[in-house]
Amino acid sequence: MQQISHIIHPLHRLSPYVGRLATHRAEALVKQLGKAGGNLVDPFCGSGTIPLEAWRANMHVVASDQSPYAIALTRAKLFPVLTLESALT
């Protein structure tokens, strides 16, 4: 079994989300049930905690949600803007 890092990725703190899965639990689930290069489909991604952990584990991620806010938050986590210049263009 892989060891859990207990280091919270800064993108998990991007925005509050009611009912968000604890980061360490998402990391444990992904490490226990997923594998690098594998696929993860999360049809109710919410704040994107599991998709971000799967991405960090080098998995291919498909995430969706009915909530536009959840989609925006997950997209911001999976495709972060790295520079101010790229955010403004």
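V61 and L78 get closest at one heavy-atom pair: CG1-CD1, 4.3 Å. A70 and G46 get closest at one heavy-atom pair: CB-O, 3.1 Å.
We find the CG-CD distance between D42 and E53 to be 12.5 Å, quoted to the nearest 0.5 Å. Between L29 atom CG and H24 atom NE2 the span is 10.0 Å, to the nearest 0.5 Å. I71 contributes atom CD1, which lies 10.0 Å from atom CD of Q66 (distance to the nearest 0.5 angstrom). Atom CG of N39 and atom CE of M59 lie 7.0 Å apart (nearest 0.5 Å). Rounded to the nearest 0.5 Å, atoms CG (L52) and CD (E27) are 10.0 Å apart.
No side-chain heavy atom of T74 sits under 4.5 Å from any side-chain heavy atom of D65.
Both L33 and L40 belong to a single network of hydrophobic side chains, linked directly or stepwise wherever heavy atoms of I, L, V, M, F, W or Y lie under 4.5 Å apart.
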